Structures are given as structure tokens and as C-alpha cells.
Q: 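Dropping a structure here in C-alpha cells format, bear with me for questions.
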Amino acid sequence: RELQVNLRDRSYPIYIGEGILDEIASLFEKHDIRKASPLMIVTDEHVAPVYLDRITQSLMAGGYQVASYVVAAGERSKALSVLEDIIGAALDAGLDRSSAIVALGGGVVGDLAGFVAASYMRGIRFVQIPTTILAHDSSVGGKVAVNHPKAKNIIGAFHQPELVLYDTATLRTLPEREIRAGLSEMIKHGLIWDAEFTAWLDQHAEEILALEHDKLEYGLYMGCQVKAYVVSQDEKENDLRAILNLGHTIGHALEAVAGYNELLHGEAISIGMVGSAKLAVRMGRSVRIYTETKRILAKFGLPVRLPEHLDTDRIMKAMMHDKKFKEGRTVFVLPTEIGRVEINKQVPVEWVREVVEELK
Ligand code: NAD
Ligand code: ZN
């Protein structure tokens, strides 16, 4: 399957399917990745042993000069110090303004390598090779960033890739917990945009969790399509793009308070989406929104309750970093029905607090 992300001044393709990496060199060539300058693959210690050699060989056989850099797995690699190390390696490998950075891995590698590409020599080409389910979200749309100890994704840029190569064969080595966490963003894409897709996800949960090929590929395709469409309407998040943050206000606060190891991103936003649905009901929406959101997420084995030991005060404080609070009210992405959301600027902070408390 192939999809196009159409932005105001350019567009780029997303290829999704089994075995796409077998054609990597010719796809690179087709999309103007230059052979005259070296390119650098950035990946992590879990992905490297399985895929790095194979991809390096294919690219070299196609006439590319290839360097690589392997980071530690996990959120902690999204850091300025790691960025600096990669840039040092890029200089040593002779990367120039016509070079490309290749992100091979999940969202951590994609965000990190993308920010290397955005900042090295004021911006060079960049290719996304997502290898997690979550990365159907992170590899599309051009948001790239590293974290600051005080806040997640706070040092970053908008930098779109030249192309996205999504080889579904790579997903077979994913740990089960990562599979579920990645599906959380896929469900989010249904919940914000497409009731029919949400119903399809609900109906095929077992097959998708078992990574049955056709179902998984269709789900990734639909998820990427929603993301690509929203981003094409609003690349720099002036308005519409904010709907992609469903579940993320609470979710990011939970990640910060729980520590990035206890809750995976997808797990945190699962709880966040249940919280948003609860809040929507408070604001007068049908209770069905809450029961359905919770039921579907639970069906995919995702957490729908807050770990009890997480302190509500600390969660609220972490949310303040993320948000403007004006006269006791704040902005939230809230569901209005399954498959539709609104951006509500009048949510009472007190109600947010009560909902967080009730999530335990
Ligand atoms: P991740 O990159 O840490 O990958 C999860 C784990 O799976 C890691 O341990 C990784 O080494 C391992 N892994 C990756 N591919 C594998 C494979 N094929 N086989 C076996 N193991 C594999 O995490 P993630 O969930 O992919 O991404 C989360 C990150 O994405 C967060 O930092 C989040 O902020 C970011 N994100 C960014 C955007 C965006 O628009 N830029 C959107 C959503 C999330
Ligand atoms: Zn997310």
C-alpha cells in the first residue's frame, strides 16, 4: 500500500507492506536520496542486531556509502547529549548538506534522528523506517524532538521526511507489551476521526493483536491515513492538528510522574483517553462515549485505570507544565461521540482533578 502526505509546499510517500525493505536502495534512489554523499543510519540496541546489517548491505549493494550510530534503547536516548554524540559521528563520517539521516526504529529513534536531521548543518534530508506499531504515528507528520529533564519533547522542530518505509515484517520481533502500547495510538486515530474504523478495530482486536498480516497492514494504513490527512490540513498545529493530542494532556503528565519506565507512552495515553472520555461525560456528553472508549481499550489489553500510588497533586502539577490554565479553566481535546472530538477551552481544572482521582 502507498499513501501520500500532501503538505502546502511538498509531499512525500509512505510505503506500507511486507518486505518493503528488500527494495530499500531503489526506493531511496527513486526519492532523491543522493549517492555522492554518505548517509547515516541511526538505530537502537534492540533493533540494530536484527536489521542494521541487512539494511546496510542492501544500501551498499545499491551504491550508497553508509555509516551508522546505535543508541541505547528507550526514552532516555531522546536527550541533547545523545544528539551531540550523533552529530559528532556524522561529522566524522563526512556527512554533508546533501547527505541523509535514516531513522531505523521506533518513535524514540525517529524523534531523535529526525531532530539530528533538522539541526545538522541547518537541516538535511531524512528517511523514516519505523519498526514499531506506535511509529505509524510518530514517523508521519514531521514533529521531531528530544527531551529536557524538565519536560518531554521540548527541544525540537518540524522537519518532514523524504519518505517513510514501513515494512510490516519488522513488527514480528516486537515484545507484546510494545504491540499493545502501539495500538493505543491506532485506536486514538479511530476515536478522533473515524467511527467506522473504530468499529473495525473493535471487531478485529484478536487478529490485530496476533499481528495477522492483512488486518495489521490495514490498521496501520488507516492510522497513517488519519494522521497524514490531519497534518496536511494543519502542518504546524495552529488548530486542527491539536486533535491528535487526545489523551495526551493526562498521558504526558502520567509519564512524567510515573517515570518513563513504569508506563509506556501508549499505555499512558490509553489512561488519558479514558480520562478525556470521563471528562466529556462530565461536560454533558453521552455516558456511552466513556463506556465504549474504556471497553475498546481494555479489549486491546491496555490499562484504563491509574496506578494507585501515583499522587494526584503531582499529576496536576505535571499537567501545569503542559498547559495554560486561565481563571480555573483549561483546554482539552474531548470526544463528542465515538469518532469525533472537539477542542474545549472551558474545562474546569477542578473537574480535571476529580476525574484524575476517579481514574484510580
Ligand atoms: P521506542 O522507539 O522506544 O520503541 C519501543 C521498544 O521497542 C524499544 O525498546 C525498541 O528498542 C524496541 N523495538 C523497536 N522496534 C523493534 C522491533 N522491530 N523488534 C523488537 N524490538 C523493537 O518507542 P515507541 O513506542 O516506538 O515510540 C515512543 C516515542 O515516540 C516517544 O518518545 C513519543 O514521544 C514519540 N512519539 C512521537 C510522535 C511524533 O509525532 N513525533 C508521535 C507519537 C509518539
Ligand atoms: Zn502519542
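A quick note: this is a predicted structure, and the numbers were derived from the prediction, not measured. All residue numbers refer to positions in the sequence shown, counting from 1. When a ligand or atom number is given, it counts from 1 through the structure's own listing order.
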Q: I need the atoms of ligand 1 closer than 4.0 Å to a non-hydrogen atom of Thr170, numbered in the order shown.
A: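 Counting atoms of ligand 1 from 1, those under 4.0 Å from Thr170 are 17 (C), 18 (N).
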Q: Considering only heavy atoms of Lys152, which atoms of ligand 1 have at least one such atom less than 4.0 Å away?
A: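 By the 4.0 Å cutoff, the relevant atoms are 31 (C), 32 (O), 33 (C), 34 (O).
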Q: Name the closest protein heavy atom to atom 15 (N) of ligand 1, giving the residue it belongs to and the distance to 0.1 Å.
A: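 Heavy-atom neighbour on the protein nearest atom 15 (N) of ligand 1: Thr131 OG1, 2.7 Å.
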Q: Got Phe126 and Val116 here, is their nearest side-chain heavy-atom distance under 4.5 Å?
A: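 Contact flag for Phe126/Val116 side chains = no.
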Q: What's the shortest distance from atom 13 (N) of ligand 1 to any protein heavy atom, and which residue and atom give it?
A: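 Going atom by atom, the protein heavy atom closest to atom 13 (N) of ligand 1 ends up being Val47 CG2, 3.9 Å.
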Q: Need the ligand 1 atom indices (1-based, order shown) with element for anything under 4.0 Å from a heavy-atom of Glu185.
A: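 Those qualifying, in numeric order: 43 (C).
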Q: Within the structure provided, determine whether Ile250 and Phe332 are in side-chain contact (heavy-atom separation under 4.5 Å).
A: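 Ile250 vs Phe332: side chains touch.
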Q: Using a 4.0 Å cutoff against the non-hydrogen atoms of Thr132, which atoms of ligand 1 qualify?
A: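 Near Thr132, the atoms of ligand 1 are 4 (O), 14 (C), 15 (N), 26 (O).
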Q: Going by the order shown, which atoms of ligand 1 are within less than 4.0 Å of some heavy atom of Glu75?
A: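 Reading through ligand 1 atom by atom, the close ones are 31 (C), 32 (O).
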Q: Counting only heavy atoms, which portion of Val50 has something under 4.0 Å from ligand 1: side chain, backbone, both, or neither?
A: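 Looking at Val50 and ligand 1, no heavy atom falls under 4.0 Å.
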Q: Does any non-hydrogen side-chain atom of Glu217 lie less than 4.5 Å from one of Ile16?
A: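 Yes; the side chains approach each other to less than 4.5 Å.
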Q: Show which atoms of ligand 1 fall inside a sub-4.0 Å distance from at least one heavy-atom site of Gly106.
A: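 Reading through ligand 1 atom by atom, the close ones are 2 (O), 26 (O).
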Q: Side-chain contact, heavy-atom cut-off 4.5 Å: Glu255 with His265?
A: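 Yes, side chains in contact.
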Q: Looking only at protein heavy atoms, which one is nearest to atom 17 (C) of ligand 1, and what is the separation?
A: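 Of the protein heavy atoms, Thr173 OG1, 3.5 Å lies nearest.
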Q: Could you identify the single nearest non-hydrogen protein atom to atom 44 (C) of ligand 1 and state the distance to 0.1 Å?
A: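 Going by distance alone, atom 44 (C) of ligand 1 is nearest to Leu134 CD2, 3.6 Å.
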Q: Do Leu83 and Ile87 make a side-chain contact, defined as non-hydrogen atoms from C-beta onward lying under 4.5 Å apart?
A: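 Yes, at least one pair of side-chain atoms sits under 4.5 Å.
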Q: Please work out the angle at the Zn ion (ligand 2) defined by atom OE2 of Glu185 on one side and atom NE2 of His248 on the other, rounded to 10°.
A: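 It is 120°, given to the nearest 10°.
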Q: Which of the numbered atoms in ligand 1 are under 4.0 angstrom from any heavy atom belonging to Ala73?
A: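 It comes down to these atoms of ligand 1: 9 (O), 11 (O).
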Q: Looking at side-chain heavy atoms only, is the closest gap between Phe28 and Lys35 below 4.5 Å?
A: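 Sidechains of Lys35 and Phe28: no contact.
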Q: Considering only heavy atoms, which of Glu267, His265, Gln128, Glu178 lies nearest to atom 5 (C) of ligand 1?
A: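 Heavy atom nearest to atom 5 (C) of ligand 1 belongs to Glu178.
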Q: For the residue pair Thr336 / Glu342, report whether a side-chain donor-acceptor contact shorter than 3.5 Å exists.
A: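 The criterion, which ignores hydrogens and geometry beyond distance, is not satisfied for Thr336 and Glu342.
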Q: Do NZ/NE/NH1/NH2 and the carboxylate oxygens of Glu18 and Arg172 come within less than 4.0 Å?
A: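 Arg172 and Glu18: salt-bridged.
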Q: Return the option from Asp111, Ile133, Val71 holding the heavy atom at the smallest distance from atom 35 (C) of ligand 1.
A: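 Nearest option to atom 35 (C) of ligand 1, by heavy atoms: Asp111.
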Q: What part of His252, side chain, backbone, both or neither, has a heavy atom within less than 4.0 angstrom of ligand 1?
A: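 It is neither part, as no heavy atom is under 4.0 Å.
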Q: Which residue and non-hydrogen atom of the protein lie closest to atom 12 (C) of ligand 1, and at what distance in Å?
A: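 Ranking protein heavy atoms by distance from atom 12 (C) of ligand 1, first comes His46 ND1, 4.0 Å.
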Q: Starting from atom 22 (C) of ligand 1, what is the nearest protein heavy atom, named by residue and atom, and what distance separates them?
A: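 Protein heavy atom at minimum distance: Leu174 CD2, 3.7 Å.
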Q: I need the nearest protein heavy-atom contact for atom 3 (O) of ligand 1: residue, atom name and distance, please.
A: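 In this structure, atom 3 (O) of ligand 1 has Val108 CG2, 3.3 Å as its nearest protein heavy atom.
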Q: If only side-chain N and O atoms count, and only distance matters, is there a donor-acceptor pair under 3.5 Å linking Thr132 with Glu178?
A: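 There is no such pair (donor and acceptor under 3.5 Å, judged by atom type) between the side chains of Glu178 and Thr132.
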Q: Would you mind checking which non-hydrogen protein atom is closest to atom 11 (O) of ligand 1, with the distance to 0.1 Å?
A: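 Looking at atom 11 (O) of ligand 1, the protein heavy atom closest to it is Asp44 OD2, 2.6 Å.
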Q: Would Asp234 and Lys236 pass as an ion pair if we require N to O under 4.0 Å?
A: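 Looking at Asp234 and Lys236, the cut-off is not met.
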Q: Check Leu183, Ile271, Ile269, Val304 against Leu297 for a side-chain contact (heavy atoms from CB on, under 4.5 Å) and give me the one that passes.
A: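 It is Val304; the other options fail the test.
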Q: Which single N/O/S atom of His265 lies at minimum distance from the Zn ion (ligand 2)?
A: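 The His265 atom nearest to the Zn ion (ligand 2), restricting to N, O or S, is NE2.
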Q: Would one find more than 12 heavy atoms of other residues, nucleotides or ligands at under 6.0 Å from atom OH of Tyr229?
A: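 Check fails, neighbour count at 12 or below.
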Q: Does CD in Glu196 sit with more than 12 non-hydrogen atoms of other residues, nucleotides or ligands closer than 6.0 Å?
A: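 Not buried by this count: 12 neighbours or fewer within 6.0 Å.
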Q: Judged on heavy-atom distance to atom 36 (N) of ligand 1, which of Ala268, Pro175, Ser138 sits nearest?
A: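 Comparing heavy atoms across Ala268, Pro175, Ser138, the nearest one to atom 36 (N) of ligand 1 lies in Ser138.
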Q: May I ask you to decide whether Arg54 forms a salt bridge with Asp22, counting only side-chain N to carboxylate O separations under 4.0 Å?
A: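 Here Arg54 pairs with Asp22 in a salt bridge, since their nearest N and O are under 4.0 Å apart.
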Q: Lys227: heavy atom below 4.0 Å from ligand 1, yes or no?
A: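 The answer is yes: ligand 1 sits under 4.0 Å from a heavy atom of Lys227.
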Q: Quick check on contacts: which atoms of ligand 1 are under 4.0 angstrom from a heavy atom of Asn153?
A: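 With Asn153 as reference, the close atoms of ligand 1 come out as 34 (O).
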